S.K.: 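Got a structure for you, written out below as structure tokens; questions coming shortly.
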Amino acid sequence: MTQLKPFPEGFLWGGATAANQCEGAYDADGRGLANVDVVPIGEDREAIITGRKKMFDFEEGYFYPAKESIDMYHHFKEDIALFGEMGFKTYRLSIAWTRIFPKGDEEQPNEAGLKFYEDLFKECHKYGIEPLVTITHFDCPMHLIEKYGGWRNRKMLGFYENLCRVLFNRYKGLVKYWLTFNEINMILHAPFMGAGLCFEEGEDVEQVKYQAAHHELVASAIATKIAHEVDPENKVGCMLAAGQYYPHTCHPRDVWEGLQEDRENYFFIDVQARGCYPNYAKKKWEREGIELDIHEEDLELLKEHTVDFISFSYYSSRVASGDPAVKEKTAGNIFASIKNPYLDASEWGWQIDPLGFRITLNSIWDRYQKPLFVVENGLGAVDTPDENGYVADDYRIAYLREHIKTMNDAVNEDGVVLWGYTTWGCIDLVSAGTGEMKKRYGFIYVDRDNDGNGTLKRTKKKSFDWYKKVVATNGSDIE
Ligand code: P53
């Protein structure tokens, strides 16, 4: 048995979910409609999440998986007990904005929504689990999209500020780790998710995306400011969909392309961690005729209120090429890249690269020198329960083991400062990219299929006991 060096004392092991992918109960207790509710499963999904096709309400002929999802809204006590049994030190979850402000622009919050999360956080603390809360995980109230155009509108700053103020005050003492926007760089790839952007024919899409990005970045700075004012114990992080770009060959133009692709993603974190717009971004806007409405006070907020830590998701590395003849892409994902011939892939074509995880951890650490937090990592796979309903998910264990091993190297051999690790979809939930239930990530199997059939019964998979041991040994026994 290989015995690894343990992770630093107090390392936050856990799992992660997002409200719209697990809660269901889309209209319970006064909850309002959000963008994430009206993205159906099936072929139109991609056009909708990328803002090319409008879907502002439920329509005949579609199935909307987030409506019920795995109904964690009504199962959270049972689910958190299972997380507790695995020994979770932290549980990353997100707030559904429309449970707190159903339309988004009200003055007063919805008490039932606030109470729901209060109960949930208290349940976590019963098991010694520290909540890690994403304030918005791809969600935006539908009313704010219809009336204001989502994050393209500067008024969003005020609505988001109200939400944050309410959350920080209400959950003071219950929550101290906060993330402002999930995968903030996904605005470039899936602008309806998160930013609530839809585009008109002939509109300058880049201009709108970067203006919305500016609003989110300032909103994130305002949130950081308020969080620290309300409770100096609060720690606020940004969140990046990470994954280092490799040059396709050592041809300098491929290396240059990789650097540029990395910058496109790091742009957001450069602002949130360093407090100003990088020169390469200003030059790009100049070149492309992008003119942003940026106020003097925005720049001050960005400068004064940088994040305390940097969190990110890692599923895979990516490849860039400066040669237009190199075209072969990784399979069907909005965030696809050139295919890496040295790597295997998941059933969904996501390439598997554990060493790329160590590389990514080191790159981000080298760039920012702020504590890191891995808040998503995992394998989406088809699970087939045996006649007793048991899933022997050795493939998932293998994926996680390899990644924890390289994460251990990053921490213990390279000296990367890392606060914690939460695996994505610690309980099976709806896929963000495809809307499927079939693409499972969990340690806990949930009986529900792509069409919404199933008893919702929870069953521990083989990986459940494996992860429990990993946590119990602080990552030193991962066999
Ligand atoms: P699914 C694309 C690329 C990287 C991360 O994704 C992504 C996506 C969106 O598909 O999203 C994050 O469910 C996201 C989660 C999501 C998870 O990755 O498509 O923060 O909400 O579920 C996995 O397999």
Side-chain angles (χ1 to χ4, degrees), residues 15-23 34-37 39-42 45-46 48-51 65-66 69-70 72 92-96 132-140 179-195 237-245 261 264-265 268 311-319 329-337 345-353 356-357 360 373-383 396 399-400 403 422-442 446 450:
T17 63
N20 71 87
Q21 293 174 253
C22 67
E23 283 178 5
N35 56 346
V36 285
D37 301 324
V39 284
I41 191 168
R45 187 178 180 93
E46 190 170 322
I48 294 163
I49 65 183
T50 53
S69 188
I70 60 159
M72 207 197 258
R92 174 180 177 229
L93 68 141
S94 81
I95 301 273
L132 164 59
V133 176
T134 318
I135 296 168
T136 49
H137 191 120
F138 293 153
D139 66 329
C140 182
L179 305 178
T180 51
F181 290 90
N182 182 61
E183 293 188 337
I184 191 163
N185 53 321
M186 285 299 277
I187 194 174
L188 301 175
H189 307 275
F192 181 65
M193 300 276 257
C238 52
M239 197 309 195
L240 168 75
Q244 177 82 24
Y245 271 93
E261 295 266 22
E264 190 175 282
N265 292 315
F268 299 86
S311 82
F312 64 92
S313 60
Y314 176 84
Y315 293 92
S316 184
S317 55
R318 304 175 208 287
V319 174
K329 295 261 180 143
T330 54
N333 188 279
I334 33 176
F335 205 171
S337 87
S346 78
E347 288 154 294
W348 273 265
W350 292 27
Q351 295 202 281
I352 300 173
D353 182 9
F357 190 26
T360 300
F373 208 134
V374 177
V375 295
E376 287 184 32
N377 173 235
L379 178 71
V382 177
D383 288 336
R396 182 167 295 108
Y399 177 100
L400 294 171
H403 285 77
T422 60
T423 64
W424 175 250
C426 46
I427 179 166
D428 292 346
L429 38 61
V430 173
S431 158
T434 71
E436 291 165 287
M437 256 321 289
K438 199 175 153 196
K439 190 181 187 190
R440 296 171 185 275
Y441 287 86
V446 180
N450 277 359

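Here the structure is a predicted model, which means the values were calculated and not measured. Counting starts at 1 for both ligands and their atoms, following the listed order. Counting begins at 1 with the first residue of the sequence.
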S.K.: Just to be sure I read this right, does ligand 1 sit under 4.0 Å from the backbone of Asn182, its side chain, both, or neither, counting only heavy atoms?
M.R.: side chain
S.K.: To the nearest 0.5 Å, how far apart are CZ in Phe181 and CD1 in Ile187?
M.R.: 8.5 Å
S.K.: Roughly how far, to the nearest 0.5 Å, is CD of Glu23 from OG1 of Thr17?
M.R.: 8.0 Å
S.K.: Should you measure from each heavy atom of Glu183, which atoms of ligand 1 turn up under 4.0 Å away?
M.R.: 5 (C), 7 (C), 11 (O), 12 (C), 14 (C), 20 (O)
S.K.: Which of the numbered atoms in ligand 1 are below 4.0 angstrom from a heavy atom of Met186?
M.R.: 2 (C), 8 (C), 9 (C)
S.K.: Going by the order shown, which atoms of ligand 1 are within less than 4.0 Å of some heavy atom of Phe138?
M.R.: 14 (C), 21 (O)
S.K.: Mark yes or no for whether Asn185, through its side chain, and Phe268, through its backbone, hold a donor-acceptor pair below 3.5 Å.
M.R.: no
S.K.: Run the side-chain hydrogen bond (donor to acceptor under 3.5 Å, both in side chains) test against Thr422 and tell me which residues pass, sequence neighbours left out.
M.R.: none
S.K.: Where's the contact between Tyr314 and ligand 1, heavy-atom distance under 4.0 Å: side chain, backbone, both or neither?
M.R.: neither
S.K.: Measuring from the heavy atoms of His137, does anything fall under 4.0 Å of ligand 1?
M.R.: yes
S.K.: Would one find an N or O of Thr434, backbone or side chain, under 3.5 Å from an N or O of ligand 1?
M.R.: no
S.K.: Using the rule given for side chain to side chain contact (heavy atoms under 4.5 Å, CB included), can you reason through Thr423 versus Tyr399, listing the C-alpha separation, both sets of side-chain angles and the distance that settles it, and then say yes or no?
M.R.: CA-CA 11 Å; Thr423 64; Tyr399 177 100; over 6 Å; no
S.K.: Under 4.0 Å, heavy-atom basis, I'd like to know which part of Trp348 is in contact with ligand 1: side chain, backbone, both or neither.
M.R.: neither
S.K.: For ligand 1, does Ser431 get within less than 4.0 Å through its side chain, its backbone, both, or neither, judged by non-hydrogen atoms?
M.R.: both
S.K.: Identify, by atom number and element, the atoms of ligand 1 in contact range of Glu376, meaning under 4.0 Å from any of its heavy atoms.
M.R.: 12 (C), 14 (C), 15 (C), 17 (C), 18 (O), 20 (O)
S.K.: For the backbone of Thr136 and the side chain of Asp139, can you confirm whether one donor and one acceptor N or O come within less than 3.5 Å of each other?
M.R.: no
S.K.: Could you tell me which residues satisfy salt bridge (Lys or Arg N to Asp or Glu O under 4.0 Å) with Asp428, sequence neighbours excluded, listed by chain and number?
M.R.: Arg440, Lys461
S.K.: Would you say Gly433 has any N or O atom under 3.5 Å from an N or O of ligand 1, going by distance alone?
M.R.: yes
S.K.: Under 4.0 Å from a heavy atom of Tyr315: give me the atoms of ligand 1 that qualify, with their elements.
M.R.: 17 (C), 18 (O), 23 (C)
S.K.: Check Tyr314, Tyr441, Trp424, Tyr315 against Glu376 for a side chain to side chain donor-acceptor pair (under 3.5 Å) and give me the one that passes.
M.R.: Tyr315
S.K.: Any nitrogen or oxygen of Lys439 lying under 3.5 Å from a nitrogen or oxygen in ligand 1? Just yes or no.
M.R.: yes
S.K.: Given side chains that start at C-beta, do those of Glu436 and Arg45 come closer than 4.5 Å, heavy atoms only?
M.R.: no
S.K.: So is there a nitrogen or oxygen of Ala241 less than 3.5 Å from a nitrogen or oxygen in ligand 1?
M.R.: no
S.K.: Determine whether a donor-acceptor pair (N or O, by modelled atom type, separation under 3.5 Å) exists between the side chain of Thr330 and the backbone of Ser337.
M.R.: yes
S.K.: Between ligand 1 and Tyr441, is the shortest N or O to N or O distance under 3.5 Å?
M.R.: yes
S.K.: Could you tell me whether ligand 1 has any atom less than 4.0 Å away from a heavy atom of His189?
M.R.: no
S.K.: Considering only heavy atoms of Ala432, which atoms of ligand 1 have at least one such atom less than 4.0 Å away?
M.R.: 1 (P), 13 (O), 16 (C), 19 (O), 21 (O), 22 (O)
S.K.: Between Arg92 and Thr134, do the side chains contain a donor N or O and an acceptor N or O under 3.5 Å apart?
M.R.: yes
